[in-house]
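These notes concern the structure reproduced below.
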Amino acid sequence: MKNLTSGKAWVYKDDVDTDVIIPARYLNTSDETELASHCMEDIDKNFAINVQMNDFIIAGDNFGCGSSREHAPISIKACGVKAVIAKSFARIFYRNAINIGLIIIENDKLPDECSKGDVIELDTENGIIKNLTTKKEYSCPPFNKEIQELIDIGGLVNYTKKKLGV
């Protein structure tokens, strides 16, 4: 079964830090809906209002730098974003995203060749990213079986519960 999704691109530059993804003034809540309503607001006031289910964040280098707060990937996932595709990620953000079941993909070409609103198609099973607007195709390594299962089940907590039979 193919894991195929398409949605619009929301494009950002290098060094998008966790304080921009979810400003510190909102860290007093763990409510995902509340976090989602403030996602990216300091860099893009209209993001949380206009983002649609299965849209993509496309970014440059070092996405998710700054503090190691889990609120950042949680707010992105809660907005309905299917995946973040960037040239590179801060390592702690990368791991936090995988742990909560948010797809994170490194690709060094797509961010330079993508514009806001482009339609992106992602096939995680075969490791293919297509920009349907520009008709360009990119490759990305598919996740190994365990990581794909962790993402599909919604994160590390659910994955662990399944493995323990809880």
Side-chain angles (χ1 to χ4, degrees), residues 1-16 18 20-22 32 35-36 39-40 43-44 46-65 70 72-163:
M1 178 174 126
K2 251 188 209 184
N3 195 349
L4 189 66
T5 305
S6 64
K8 289 185 309 184
W10 294 83
V11 180
Y12 302 98
K13 300 294 180 195
D14 296 341
D15 302 314
V16 174
T18 55
V20 170
I21 297 169
I22 186 68
E32 293 181 9
L35 291 170
C39 186
M40 307 297 276
I43 193 172
D44 184 346
N46 295 318
F47 177 81
I49 298 164
N50 295 316
V51 68
Q52 299 291 311
M53 188 65 71
N54 294 323
D55 280 355
F56 295 86
I57 290 178
I58 312 296
D61 283 312
N62 205 26
F63 187 88
C65 58
E70 288 181 329
I74 289 170
S75 69
I76 291 170
K77 184 178 177 187
C79 280
V81 169
K82 182 64 174 185
V84 180
I85 303 170
K87 288 183 179 181
S88 66
F89 293 90
R91 298 295 23 138
I92 293 173
F93 178 89
Y94 186 94
R95 192 65 230 177
N96 283 340
I98 295 293
N99 284 345
I100 62 111
L102 175 64
I103 297 171
I104 298 296
I105 297 171
E106 290 185 338
N107 185 282
D108 62 349
K109 292 184 176 56
L110 174 67
D112 290 333
E113 299 175 351
C114 188
S115 298
K116 181 179 179 180
D118 284 1
V119 178
I120 305 299
E121 182 179 81
L122 175 63
D123 177 351
T124 56
E125 181 179 310
N126 295 304
I128 299 169
I129 307 165
K130 293 180 182 177
N131 184 328
L132 300 178
T133 304
T134 64
K135 308 217 182 324
K136 292 187 178 183
E137 187 173 304
Y138 308 87
S139 64
C140 61
F143 292 112
N144 68 39
K145 180 184 169 199
E146 291 79 16
I147 296 296
Q148 187 63 57
E149 184 181 353
L150 187 149
I151 290 168
D152 290 344
I153 202 164
L156 186 59
V157 171
N158 293 338
Y159 180 84
T160 303
K161 285 179 180 178
K162 180 181 176 189
K163 290 293 181 188

(request) Give a yes or no on whether a salt bridge exists between D112 and K87, defined as a side-chain N under 4.0 angstrom from a carboxylate O. (result) yes
(request) With sequence neighbours left out, write down each residue that passes ring pair (Phe, Tyr, Trp, His ring centres under 6.0 Å) with Y12, or none if nothing qualifies. (result) none
(message) Once side-chain hydrogen bond (donor to acceptor under 3.5 Å, both in side chains) is applied, do any residues pair with N107, and if so which ones, sequence neighbours excluded?
(response) none
(request) Carefully, step by step, assess Y138 and I85 under the rule side-chain contact (heavy atoms from CB on, under 4.5 Å). (result) CA-CA 11 Å; Y138 308 87; I85 303 170; over 6 Å; no
(request) Quick one: closest heavy-atom pair of E113 and D118, and the distance? (result) O-OD2, 4.3 Å
(message) Can you tell me how far apart CD1 (I103) and OG1 (T5) are? Round to the nearest 0.5 Å.
(response) 6.5 Å
(request) Not counting sequence neighbours, which residues clear side-chain hydrogen bond (donor to acceptor under 3.5 Å, both in side chains) with K82? List them please. (result) none
Would you mind writing out the side-chain donor-acceptor pairs for residues 156-163 within the sub-3.5 Å range, not counting sequence neighbours?
unit_1, atom_1, unit_2, atom_2, d
N158, ND2, I153, O, 3.1
T160, OG1, L156, O, 2.8
K162, NZ, E149, OE2, 3.0

(request) Would you give the length of the straight line joining atom SG of C140 to atom CG of D123, rounded to the nearest 0.5 angstrom? (result) 8.5 Å
(message) I need the K109 NZ to S139 OG distance, nearest 0.5 Å.
(response) 8.0 Å
(request) Write down the atom of F47, the atom of C79, and the distance for their closest heavy-atom approach. (result) CE2-SG, 3.9 Å
(request) Would you please say whether a donor-acceptor pair under 3.5 Å links the side chains of S88 and N62? (result) no
(request) Return the minimal non-hydrogen interatomic distance between I58 and P111, and the atom names on each side. (result) CG2-CA, 3.6 Å
(message) Give me the atom names and distance for the closest heavy-atom approach of D44 to K116.
(response) OD2-NZ, 4.3 Å
(message) On a heavy-atom basis, which atom in G64 and which in F93 lie closest, and how many Å separate them?
(response) O-CB, 3.4 Å
(request) List in chain and number order the residues that pass side-chain hydrogen bond (donor to acceptor under 3.5 Å, both in side chains) with S75, two or more places apart in sequence or in another chain; answer none if no residue qualifies. (result) none
(request) Could you pull out all residues at least two apart from N99 that satisfy side-chain hydrogen bond (donor to acceptor under 3.5 Å, both in side chains)? (result) R95
(request) First locate atom CD1 of I76, then atom CG of N96, and finally report the distance between them rounded to the nearest 0.5 Å. (result) 11.0 Å
(message) Within this structure, what is the CD1-OG1 distance for the pair I129 and T124, rounded to the nearest 0.5 Å?
(response) 10.5 Å
(request) Measure the CE-CD1 distance between M40 and I49 for me, rounded to the nearest 0.5 Å. (result) 14.0 Å
(request) Apply side-chain contact (heavy atoms from CB on, under 4.5 Å) to the pair I98 and F143, showing each step before the final yes or no. (result) CA-CA 11 Å; I98 295 293; F143 292 112; 4.1 Å; yes
(request) Indicate whether the side chain of E106 and that of Y94 have a donor and an acceptor atom separated by less than 3.5 Å. (result) no
(request) Have a look at K130 and tell me which of K136, K135, E121 forms a side chain to side chain contact (heavy atoms under 4.5 Å, CB included) with it. (result) E121
(request) Measure across D14 and G60 and return the closest heavy-atom pair with its distance rounded to 0.1 Å. (result) OD1-CA, 3.2 Å
